[in-house]
Asks: 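Could you have a look at this structure, given as structure tokens, before my questions?
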Amino acid sequence: MAKLQPVRGTKDIWGEDALRFNHVVDVFRSVAERYSFEPISTPIFEFTEVFSRTLGEASDVVSKEMYCFEDRGGEGLTLRPEYTAGIARSYMSEGMQQFGMKKFYAYGPMFRYERPQKGRYRQFHQLDAEILGAPEPAADIEIIALAHQVLKELGMVENTVLHLNSLGDQESRQAYRDALVEYFTGHKDKLSEDSLARLEKNPLRILDSKDEGDRALLPDAPKLSYYLNETSQAFFDAVKQGLDAMDITYIHDENLVRGLDYYCHTAFEFITTDLGSQGTVIGGGRYDGLMEQMGGPQTAGIGWAGGIERLAMLLKEAPKPPRPVVFVPMGDAATNKAMQLLNMLRSNGVVADMGFRGNMKKRMKRAADANARFVAILGDNELLKGVVSLKDMDSGDQQEVSFADLLARVQA
RNA sequence: GCGGGUGUAGCUCAGUUGGUUAGAGCGCCAGAUUGUGAUUCUGGAUGUCGCCGGUUCAAAUCCGGUCACUCGCCCCA
């Protein structure tokens with residue numbers, strides 16, 4: 001262990017970061033529940049095959065970013081690098097086919113061995129939403145609408161742009177892939193080193209290369225939309241019409257492709273320019289072939305994941321913690337009475353607190369630092385009269401309030 | 001995995017061509033003010049100058065390595 005440092009790419013979340021983090025999760029839960037998504041939580045580790053079979057052996061995530069380990073029983077396990085595969089596995093393990101469609105929301109930590117950067121960590125956290133067992137474009141529309149609403153309630157739709165594309169079904173995608181490989185193979189000499197590797201592994205990715213030489217080849221490259229067969233085109237049209245009807249704006253980004261093998265048809269990302277090269281804040285798409293690849297029956301699915309740390313950073317300001325009523329007791333008898341009153345207020349839903357040490361001046365200062373709404377001063381004088389001296393910290397006014405009236409007074 | 005930048009007190013940072021006890025502001029603690037959060041004043045604490053090694057009479061300063069963060073690439077949320 002090197003010093004008292006957190007492991008590379010991990011971080012402690014506390015103070016303002018924690019308030020931001022919780023706010024993102026709270027908003028997400030609230031919106032997801034209104035959309036009638038139900039909660040799910042799956043294990044943080046799975047058998048390695050759950051990820052390796054579905055994400056694609058050649059994908060970067062599987063080939064070099066997973067935290068794999070063998071447990072004491074010799075099982076090959078992996079810390080989840082994403083949520084979808086685990087939820088899909090759960091759908092089949094639990095026999096949820098009997099319910100037909102399921103709408104789930106979840107959140108939690110993910111693990112990827114990558115080079116850390118701002119907005120990119122080795123342990124990071126995602127919001128996740130999935131609709132399983134629904135092949136209809138209405139599911140695509142709903143899942144995107146959910147993401148849009150979350151961003152809206154977080155106050156950041158203005159800072160993000162929805163990029164939308166269709167990868168088509170298996171047939172369309174294969175036809176396009178072949179055309180693309182043929183085109184780029186004819187221009188091998190002009191391709192960047194990275195893109196030469198992509199040509200073998202994942203030719204679609206050449207489309208979003210940032211290399212200038214690569215980009216120069218794009219205008220004449222075959223267009224994905226041209227290769228969509230009739231069903232794929234009709235599906236995509238239905239999705240676009242649904243979004244239009246909901247006034248959700250998007251740009252059709254023909255170069256948007258996704259790195260994981262299981263995607264088909266709809267692919268989308270909400271992108272911001274405020275986070276440098278980690279601009280994707282929510283990304284997702286349809287994965288009708290995933291559960292089959294895992295060894296289950298053919299089952300449609302669509303979902304997205306959002307990076308909680310990234311969303312938290314985009315939050316314009318940190319949410320404020322609630323303002324407490326703070327007790328300042330003088331002496332042991334007063335302290336005991338104060339604890340009783342504290343308990344009474346807290347039981348009635350009032351945020352209340354009491355410092356443990358210091359003279360009155362110190363306690364007043366701490367109360368002010370804690371952004372107290374009221375300070376309840378309780379000394380021998382007050383104790384005899386059955387009152388607290390309640391100080392309004394905004395106006396500075398102070399008056400005696402009987403123990404019986406305290407609750408009503410601070411709730412007003 | 002590749003290329004660039006940075007690392008000095010809790011925080012933001014200064015630190016001259018290497019030179020002797022390493023500084024400021026903010027914050028923190030104590031007191032002026034033994035029942036009151038501002039301001040002011042007075043006093044105080046805190047650094048293995050990221051870490052290890054090298055050069056030198058002498059290193060926060062120069063060199064090498066290493067760790068962490070950061071920007072771009074890759075990839076992705």
Side-chain angles (χ1 to χ4, degrees), chain A residues 1-11 15 24 55 58-65 81-84 107-129 147 160 192-195 197-198 201-202 205 208-212 214 256-260 268-272 275-284 303-314 326 328-331 334 355 358-382 389-398:
Chain A
M1 191 181 74
K3 295 291 165 59
L4 291 174
Q5 270 177 345
V7 173
R8 179 168 157 91
T10 67
K11 65 180 236 171
V24 170
L55 305 187
S59 71
D60 279 29
V61 170
V62 172
S63 60
K64 51 189 192 198
E65 294 176 0
E82 58 111 40
Y83 227 138
T84 305
Y107 57 91
M110 307 294 152
F111 305 85
R112 250 122 91 159
Y113 188 86
E114 293 182 275
R115 179 140 174 184
Q117 241 176 81
K118 189 183 1 206
R120 190 168 79 181
Y121 308 101
R122 290 184 173 181
Q123 175 178 337
F124 61 105
H125 299 77
Q126 287 188 332
L127 308 175
D128 191 274
T160 56
S192 67
E193 205 176 312
D194 281 334
S195 285
R198 292 184 181 112
K201 279 169 56 179
N202 191 348
R205 290 225 73 96
D208 65 357
S209 169
K210 284 169 191 160
D211 182 86
E212 275 187 41
D214 294 347
L256 172 68
V257 292
R258 315 228 74 230
L260 309 180
F268 62 93
E269 289 185 9
F270 286 87
I271 300 176
T272 176
L275 288 179
S277 58
Q278 270 65 245
T280 299
V281 123
I282 286 180
W304 55 257
I308 299 180
E309 286 86 350
R310 290 182 187 182
L311 291 166
M313 280 191 287
L314 278 185
V326 176
V328 174
M330 318 291 295
N359 58 26
M360 185 163 192
K361 183 188 167 83
K362 278 278 153 312
R363 289 176 184 239
M364 287 302 291
K365 181 164 160 42
R366 291 219 179 83
D369 289 346
N371 196 25
R373 178 70 189 84
F374 294 103
V375 169
I377 299 162
L378 191 54
D380 292 341
N381 302 339
E382 283 86 358
S389 293
L390 191 69
K391 179 165 187 173
D392 182 317
M393 296 298 275
D394 290 339
S395 66
D397 292 343
Q398 184 171 318

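Computed over heavy atoms, backbone and side chain alike; hydrogens, waters and symmetry mates excluded. Convention: sequence-line order gives letters A, B, ...; per-chain numbering from 1. Computed from a prediction, not measured in an experiment: that's the story for all the values here.
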Asks: Looking for any heavy atom pair under 4.0 Å, which part of the strands does A:F374 touch: base, sugar-phosphate only, or nothing?
Replies: nothing
Asks: Check the phosphate of B:A68 against A:K11, side-chain N and O only, distance under 4.0 Å to OP1 or OP2. Yes or no?
Replies: no
Asks: Using a heavy-atom cut-off of under 4.0 Å over every strand shown, decide if A:D211 touches base, sugar-phosphate, or nothing.
Replies: nothing
Asks: Quick check with a 6.0 Å cut-off and a 45 degree axis cone: is A:R122 positioned over the face of A:Y113's six-membered ring?
Replies: yes
Asks: Give one of base, sugar-phosphate or nothing for A:E193, where a contact means two heavy atoms less than 4.0 Å apart.
Replies: nothing
Asks: B:U33 and B:G43: how far apart are their C1' atoms, nearest whole angstrom?
Replies: 16 Å
Asks: Classify the nucleic acid contact of A:G331 as base, sugar-phosphate or nothing, counting any heavy atom under 4.0 Å across all strands shown.
Replies: nothing
Asks: Determine, for A:D397 against A:K391, whether the closest basic-nitrogen to carboxylate-oxygen distance falls under 4.0 angstrom.
Replies: no
Asks: Check every strand shown and say whether A:G284 touches a base, only sugar-phosphate, or nothing at a heavy-atom separation below 4.0 Å.
Replies: nothing
Asks: Is there a donor and acceptor pair, one atom on the side chain of A:R115 and one on the base of B:G3, closer than 3.5 Å?
Replies: yes
Asks: Is there a donor and acceptor pair, one atom on the side chain of A:K361 and one on the base of B:G35, closer than 3.5 Å?
Replies: no
Asks: For the pair A:R112 (side chain) and A:Q123 (backbone), establish whether a donor and an acceptor sit closer than 3.5 Å, ignoring hydrogens and angles.
Replies: no
Asks: Using a 4.0 Å heavy-atom cut-off across all strands, classify A:I377 as base, sugar-phosphate, or nothing.
Replies: base
Asks: Looking only at the side chain of A:R310 (C-beta and beyond, no hydrogens), which of the listed nucleotides B:U36, B:G37, B:A77 gets closest?
Replies: B:A77
Asks: Map A:G9 and A:K64 onto RNA chain B by nearest heavy atom, then report which one ends up closer to the 5' terminus.
Replies: A:G9
Asks: In whole Å, measure the gap between the C1' atoms of B:C41 and B:U21 for me.
Replies: 28 Å
Asks: Over how many whole Å does the gap from A:R122 atom CZ to B:C75 atom P extend?
Replies: 18 Å
Asks: Atom CD1 of A:I271 and atom C1' of B:C76: how far apart are they, to the nearest Å?
Replies: 11 Å
Asks: Picking from B:U36, B:C29, B:G4, which would you name as closest to the side chain of A:M360?
Replies: B:U36
Asks: For the C1' atoms, the ones on B:G1 and on B:C74, what distance do you get once it is rounded to whole angstrom?
Replies: 8 Å
Asks: With both distances under 3.5 Å as the test, what is the Watson-Crick or G-U wobble partner of B:G18?
Replies: none
Asks: Quote, to the nearest angstrom, the P distance that separates B:U66 from B:A58.
Replies: 26 Å
Asks: Once you round it to whole Å, what is the distance between P of B:C76 and CG of A:L256?
Replies: 11 Å
Asks: Sticking with atom C1', work out how far B:A22 lies from B:U46, rounded to a whole angstrom.
Replies: 13 Å
Asks: In whole angstrom, give me the gap between the P atoms of B:U56 and B:A14.
Replies: 31 Å
Asks: If you measure from the Lys or Arg side-chain nitrogens to the Asp or Glu carboxylate oxygens, is any gap between A:D194 and A:R205 under 4.0 Å?
Replies: no
Asks: How many Å lie between OH on A:Y83 and P on B:A77, as a whole number?
Replies: 15 Å
Asks: B:C29 P sits how many Å from A:N359 CG, rounded?
Replies: 11 Å
Asks: Verify the contact: side-chain N or O of A:Q117 to OP1 or OP2 of B:G72, cut-off strictly under 4.0 Å; return yes or no.
Replies: yes
Asks: Rounding to an integer number of Å, can you tell me how far A:E382 CD sits from B:G35 C1'?
Replies: 8 Å
Asks: Between the base of B:C76 and the side chain of A:R205, is there any donor-acceptor pair under 3.5 Å?
Replies: no
Asks: On RNA chain B, nearest-nucleotide positions of A:K391 versus A:E269: which is more 5'?
Replies: A:K391
Asks: Check every strand shown and say whether A:R8 touches a base, only sugar-phosphate, or nothing at a heavy-atom separation below 4.0 Å.
Replies: sugar-phosphate
Asks: What I want to check is whether the side chains of A:E269 and A:T280 have a donor and an acceptor closer together than 3.5 Å.
Replies: yes
Asks: Answer yes or no: is there a donor N or O on one side and an acceptor on the other, between the side chain of A:E309 and the main chain of A:H125, under 3.5 Å?
Replies: yes
Asks: Let me know the distance between CZ of A:R120 and P of B:G1, rounded to the nearest Å.
Replies: 12 Å
Asks: Using Watson-Crick or G-U wobble geometry with both distances under 3.5 Å, which nucleotide pairs with B:U40?
Replies: B:A32
Asks: What is the nucleic acid contact for A:K210, judged by heavy atoms within less than 4.0 Å: base, sugar-phosphate only, or nothing?
Replies: sugar-phosphate
Asks: Check for a donor-acceptor pair, side chain of A:R363 on one end and backbone N or O of A:V328 on the other, with a separation under 3.5 Å.
Replies: no
Asks: Measure distances between side-chain N and O atoms of A:R112 and base N and O atoms of B:C75, and say whether any donor-acceptor pair falls under 3.5 Å.
Replies: no
Asks: Rounded to whole angstroms, how far apart are CE on A:M110 and C1' on B:A77?
Replies: 10 Å
Asks: Mind checking if A:A305 touches a base, just sugar-phosphate, or nothing, with heavy atoms under 4.0 Å?
Replies: sugar-phosphate
Asks: Does CG in A:N371 sit with more than 12 non-hydrogen atoms of other residues, nucleotides or ligands closer than 6.0 Å?
Replies: yes
Asks: Quick one: look up who B:A24 pairs with, Watson-Crick or G-U, both distances under 3.5 Å, and put none if it's unpaired.
Replies: B:U12
Asks: Does B:G35 have OP1 or OP2 under 4.0 Å away from a side-chain N or O of A:R363?
Replies: no
Asks: Which whole number of Å gives the distance between the C1' atom of B:U61 and that of B:U8?
Replies: 11 Å
Asks: Does B:U70 have OP1 or OP2 under 4.0 Å away from a side-chain N or O of A:K118?
Replies: no
Asks: Which nucleotide, if any, forms a Watson-Crick or G-U wobble pair with B:G1, using both distances under 3.5 Å?
Replies: B:C73
Asks: Taking atom P in both B:A68 and B:A60, what distance in whole Å separates the two?
Replies: 25 Å
Asks: Who is the Watson-Crick or G-U wobble partner of B:G7, with both distances under 3.5 Å?
Replies: B:C67
Asks: Could you check whether the side chain of A:E65 and the base of B:G1 have a donor-acceptor pair of N or O atoms closer than 3.5 Å, going by distance alone?
Replies: no
Asks: Look only at the side chain of A:S195 and the backbone of A:S192, and say whether a donor-acceptor pair between them is shorter than 3.5 Å.
Replies: no
